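Throughout, protein chains are lettered first and strands after them, A, B, ... in sequence-line order, and every chain is numbered starting at 1. From a predicted model like this one, the values you see are computed outputs, not experimental measurements.
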Amino acid sequence: MNIRLGNDFFCRDVLVVAPELIGKTLVRSIDGTIHKSIITEVEAYRGVEDLACHASKGRTKRTEVMFQQGGLVYVYLIYGMYWMLNFVTGDSGNPQAVLIRGINDCYGPGRITKRLSINGDFYGEDLVISSRLWVEDRNSSPVIQSDTRIGVEYAGEEWASKPWRFFTNDYLKK
DNA sequence: AGCAAGATCGGT
DNA sequence: CCGATCTTGCTG
């Protein structure tokens, strides 16, 4: 039985939500066709004090959605060509987000959005009620590993060394 | 108004 | 290793 994840799932601390997203089903509906994949790698970005998190720049037009309640989508363009897909977590006023880095048949945050046709138009999309993007539980319990986040050396040793990247190898093709 | 850097990727 | 490509936040 696949159940769509609701506010109760997303409105918790990002360090709780991020690892729990591993093994969940990412669902994208495009022109009536449902595309399902399994989330295999994510990264947590936590609060204004986390110098790797865009919210550390303050509440700006770009980071605004991260200050909202969990369950919303935060997307932004990087290097002029890649859209990064994030899920906002935590309560309103506590800026956090989870970057989706890998699904079972596609690795790389930029590649995932390209394949699923996700762009800036999804900024602020509500995963709880959206008819084109949401997440479902599939009752699986993959073995989860953690390591440092990728590409955040600019944040300095303290934040770049946090083991806030979560992933599993349970769905690798054989 | 101008500028440097970026939660990346694909090709040498 | 390097270039693509453009938004963003910071400086002035």
Side-chain angles (χ1 to χ4, degrees), chain A residues 5 9-24 26 28 35 37-90 93-127 133 135 144-169 171-173:
Chain A
L5 300 181
F9 178 87
F10 295 104
C11 293
R12 297 175 295 160
D13 191 273
V14 71
L15 294 180
V16 173
V17 177
E20 284 191 27
L21 276 171
I22 303 299
K24 294 293 188 292
L26 178 63
R28 171 80 168 98
H35 302 264
S37 46
I38 304 174
I39 297 173
T40 58
E41 180 165 322
V42 302
E43 278 177 358
Y45 288 85
R46 190 170 186 264
V48 294
E49 68 275 16
D50 176 5
L51 298 184
C53 180
H54 292 160
S56 65
K57 304 286 187 190
R59 193 162 183 157
T60 67
K61 182 174 182 179
R62 179 203 210 186
T63 65
E64 172 61 28
V65 74
M66 268 198 283
F67 287 79
Q68 305 297 318
Q69 81 278 11
L72 301 182
V73 171
Y74 168 45
V75 282
Y76 65 92
L77 187 66
I78 191 67
Y79 299 115
M81 51 185 114
Y82 301 109
W83 291 100
M84 300 288 104
L85 172 64
N86 298 256
F87 298 157
V88 174
T89 68
N94 185 11
Q96 309 181 328
V98 177
L99 169 67
I100 307 302
R101 293 195 64 90
I103 53 181
N104 57 315
D105 59 347
C106 178
Y107 180 76
R111 296 191 188 118
I112 291 173
T113 53
K114 183 177 181 183
R115 174 173 302 190
L116 298 181
S117 296
I118 290 171
N119 55 34
D121 188 44
F122 281 77
Y123 185 92
E125 186 86 359
D126 191 342
L127 296 169
L133 184 67
V135 185
I144 298 173
Q145 302 179 60
S146 64
D147 204 336
T148 54
R149 294 175 293 183
I150 294 174
V152 296
E153 292 75 21
Y154 65 86
E157 167 68 19
E158 178 185 359
W159 298 100
S161 64
K162 299 285 187 188
W164 289 354
R165 176 164 55 97
F166 304 93
F167 59 99
T168 184
N169 292 323
Y171 307 104
L172 291 178
K173 290 178 181 174

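- Of the listed nucleotides (dG9(C), dA7(B), dT5(C)), dA7(B) has the atom at the smallest distance from the side chain of Leu99(A).
- In this structure, dA7(B) makes no Watson-Crick or G-U wobble pair, since no nucleotide meets both defining distances under 3.5 angstrom.
- Checking dT5(C) for Watson-Crick or G-U wobble geometry (two distances, each under 3.5 Å) identifies no partner in any strand.
- Distances shown here put every side-chain N or O of His54(A) at or beyond 4.0 Å from the OP1 or OP2 atom of dT8(C).
- For the pair Tyr154(A) OH and dA4(B) C1', the computed distance is 15 Å after rounding to whole Å.
- Straight-line distance from the CD1 atom of Ile112(A) to the P atom of dA7(B): 17 Å, rounded to whole Å.
- The closest side-chain donor-acceptor pair between Tyr45(A) and Glu43(A) falls under 3.5 angstrom.
- A pairwise comparison of heavy atoms in Val75(A) and Phe122(A) identifies CG2-C, 3.8 Å as the closest pair.
- Taking the P atoms as reference points, dC2(C) lies 16 Å from dA5(B), given to the whole Å.
- Looking at the side chain of Leu77(A), the nearest of the listed nucleotides dC9(B), dG9(C), dC6(C) is dC6(C).
- Taking atom CH2 of Trp83(A) as the reference point, atom P of dT7(C) lies 8 Å away to the nearest angstrom.
- Figure legend: cation-pi geometry between Arg12(A) and Phe9(A), with NZ or CZ positioned under 6.0 Å from the six-membered ring centre and within 45° of its axis.
- With dT5(C), dA7(B), dG9(C) as the candidates, the nucleotide lying closest to the side chain of Thr63(A) is dG9(C).
- Protein atom CG of Asp121(A) is 17 Å distant from nucleotide atom C1' of dT7(C), rounded to whole Å.
- Remark: ring of Tyr79(A) stacked against base of dT8(B); centroid gap under 5.5 Å, plane tilt under 30°.
- In this structure, NZ of Lys57(A) is placed 8 Å from P of dA7(B), rounded to the nearest angstrom.
- For Arg111(A) and dG10(B), the shortest distance from a side-chain N or O to OP1 or OP2 is below 4.0 Å.
- Within the 4.0 angstrom heavy-atom criterion, only backbone atoms of the sugar-phosphate kind lie near Met84(A); the bases stay farther away.
- dT8(B) atom P lies 14 Å from atom CG of Leu85(A), rounded to whole Å.
- Taking atom CG on Leu51(A) and atom P on dG6(B), their separation rounds to 13 Å, with Å as the unit.
- Ile78(A) has its CD1 atom 17 Å from the P atom of dA4(B), to the nearest Å.
- Figure legend: Arg101(A) and Phe167(A) shown without cation-pi pairing, the cationic atom not lying both under 6.0 angstrom from the six-membered ring centre and within 45 degrees of its axis.
- Within the 4.0 angstrom heavy-atom criterion, only backbone atoms of the sugar-phosphate kind lie near Arg62(A); the bases stay farther away.
- For the 3.5 Å distance criterion, the side chains of Glu41(A) and Tyr107(A) qualify, holding a donor opposite an acceptor.
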